[in-house]
Amino acid sequence: MTSYGGVDFHFDPMCPFAYQTSVWIRDVRAQLGITINWRFFSLEEVNRFEGKKHPWERDWSYGWSLMRIGAFLRRTDMALLDDWYLRIGEALHMRGEKPHDPAVAREMLHDPAVLDQAISDPTTHDEVRTDHQRVMDAGGFGVPTLFFPDGQTLFGPVLVDPPTGPEALRLWDVVTGMASMPHVYELQRPKSPADQALIAQHLQPYLSGRDWVSVNRGEIIDFGGTQ
């Protein structure tokens with residue numbers, strides 16, 4: 001099996017599934033010392049309906065604007081983006097808070113001025129768009145999407161109860177094992193009614209914190225923002 005020492009992890013901060021997968025891969029990092037390069041992908045843009053504004057055409061767009069803040073932090077140090085994603089992810093997906101609200105987003109930054117700097121800088125749009133397009137060019141459609149150093153790309157794993165400790169490493173072996181076989185294109189578990197109920201239970205904080213109507217297209221969720 002190919003050994004991978006790092007991964008590019010594309011996420012939308014509004015996505016509950018990407019957040020849960022990020023919890024798992026942080027645990028893997030703590031055990032194996034792998035490098036996580038955090039990258040972006042906009043579910044709002046990929047699910048945009050004809051006639052709806054692109055997220056970069058809005059004064060504030062929930063996920064997109066947060067990713068612009070993340071891009072600004074990443075310019076200084078990936079660790080700043082790492083810490084910021086953890087904070088806002090816990091806020092929305094674990095506690096049902098609203099980090100996508102500009103006032104809350106400002107409060108959650110160690111330096112509140114970063115919000116104004118990121119949003120006033122048009123090149124942060126470019127950074128988010130470049131990351132987003134990378135996934136699209138690879139044939140991707142959602143998050144989490146993982147890029148490995150040898151060029152392999154995988155969507156998933158989709159989690160709601162991320163494993164830790166030895167179980168986290170077992171899943172890492174499954175994921176990297178699939179990445180080592182580039183012509184295995186899909187492996188998916190059907191969702192029983194019990195699975196659907198479990199997913200709904202775990203998504204309750206996110207459902208109470210969101211301020212948009214989700215549009216399901218397969219496993220994809222569309223996130224709105226300020227028009």
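Numbers here simply count residues along the sequence, with the first being 1. Owing to the predicted nature of the structure, the values given are computational and were not obtained by experimental measurement.
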Would you say [X] and [Y] make side-chain contact, with heavy atoms under 4.5 Å?
{"X": "R58", "Y": "E44", "value": "yes"}
{"X": "L73", "Y": "L109", "value": "yes"}
{"X": "S192", "Y": "D195", "value": "yes"}
{"X": "Y4", "Y": "V175", "value": "no"}
{"X": "L146", "Y": "P157", "value": "yes"}
{"X": "M108", "Y": "L66", "value": "no"}
{"X": "L43", "Y": "C15", "value": "yes"}
{"X": "R26", "Y": "V23", "value": "no"}

Can R134 and D8 be counted as an ion pair, charged N to O under 4.0 angstrom?
yes

salt_bridge(R68, D121) N-O dist < 4.0 Å:
no

Using modelled atom types and a 3.5 Å cut-off, is there a donor and acceptor pairing between side-chain atoms of S65 and backbone atoms of W60?
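Not confirmed, S65 side chain does not pair with W60 backbone.
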
Counting N and O atoms only, with roles assigned by atom type, does the side chain of E45 sit under 3.5 Å from a partner on the main chain of H54, one being a donor and the other an acceptor?
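Answer holds: no.
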
List the steps, then state whether side chain to side chain contact (heavy atoms under 4.5 Å, CB included) holds for T130 with E127.
CA-CA 5 Å; T130 296; E127 289 189 36; 5.8 Å; no

Residue pair [X] / [Y]: nearest heavy atoms and the distance that separates them:
{"X": "P182", "Y": "Y185", "value": "O-CE2, 3.8 Å"}
{"X": "A71", "Y": "V128", "value": "CB-CG2, 4.4 Å"}
{"X": "T21", "Y": "V158", "value": "OG1-CA, 4.3 Å"}
{"X": "R74", "Y": "L81", "value": "CD-CD2, 3.6 Å"}
{"X": "P99", "Y": "A105", "value": "O-CB, 3.2 Å"}
{"X": "L171", "Y": "P163", "value": "CD2-CG, 3.9 Å"}

Could you go through the side chain to side chain contact (heavy atoms under 4.5 Å, CB included) check for F41 and T145 one step at a time?
CA-CA 9 Å; F41 183 80; T145 294; 6.0 Å; no

Separation between [atom1] of [X] and [atom2] of [Y], rounded to the nearest 0.5 Å:
{"X": "Q31", "Y": "T164", "atom1": "CD", "atom2": "OG1", "result": "8.0 Å"}
{"X": "M14", "Y": "Y19", "atom1": "CE", "atom2": "OH", "result": "12.5 Å"}
{"X": "L169", "Y": "L32", "atom1": "CG", "atom2": "CG", "result": "5.0 Å"}
{"X": "T124", "Y": "F72", "atom1": "OG1", "atom2": "CZ", "result": "8.5 Å"}
{"X": "R129", "Y": "D131", "atom1": "CZ", "atom2": "CG", "result": "12.0 Å"}
{"X": "D126", "Y": "W56", "atom1": "CG", "atom2": "CH2", "result": "10.5 Å"}

Aromatic ring proximity, centroids under 6.0 angstrom, F11 and F40:
yes

When you look at CZ of R170, are more than 12 heavy atoms from neighbouring residues, nucleotides or ligands closer to it than 6.0 Å?
no

Among residues at least two apart in sequence or on other chains, which ones pass salt bridge (charged side-chain N to carboxylate O under 4.0 Å, His left out) with D77?
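With neighbours one apart ignored, the set is empty.
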
Between S180 and F148, is a side chain to side chain contact (heavy atoms under 4.5 Å, CB included) present by the stated rule, with each step listed?
CA-CA 10 Å; S180 71; F148 293 91; over 6 Å; no

Check against side chain to side chain contact (heavy atoms under 4.5 Å, CB included), L80 and H110
CA-CA 10 Å; L80 294 176; H110 293 314; 5.9 Å; no

Tell me which one of D12, V160, V143 satisfies side chain to side chain contact (heavy atoms under 4.5 Å, CB included) with F17.
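So the option named by the test is V160.
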
Students often mix this up, so state it plainly: with edges at 30° and 60°, are the rings of F155 and F141 parallel, tilted or perpendicular?
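Answer is tilted, since the angle falls between 30° and 60°.
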
How are the rings of H100 and Y62 set relative to one another: parallel (under 30°), tilted (30 to 60°) or perpendicular (over 60°)?
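Ring orientation of H100 relative to Y62: perpendicular.
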
Return yes if a side-chain donor-acceptor contact under 3.5 Å exists between H125 and W64, otherwise no.
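Yes, W64 and H125 have a side-chain donor paired with an acceptor closer than 3.5 Å.
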
Distance-only donor-acceptor hits, side chain of residues 88-98, under 3.5 Å, sequence neighbours excluded:
unit_1	atom_1	unit_2	atom_2	d
H93	NE2	P13	O	3.0
R95	NE	E97	OE2	2.8
R95	NH2	E97	OE1	3.4
K98	NZ	G209	O	3.0
K98	NZ	D211	OD1	3.0

When you measure from the centre of the six-membered ring of F147, is the NZ or CZ of R39 closer than 6.0 Å and no more than 45° off the axis?
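Relative to the ring axis of F147, which defines the angle, R39 lies outside at least one limit.
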
Does W84 belong to the same Ile/Leu/Val/Met/Phe/Trp/Tyr cluster as L86, with side-chain heavy atoms less than 4.5 Å apart forming each link?
no

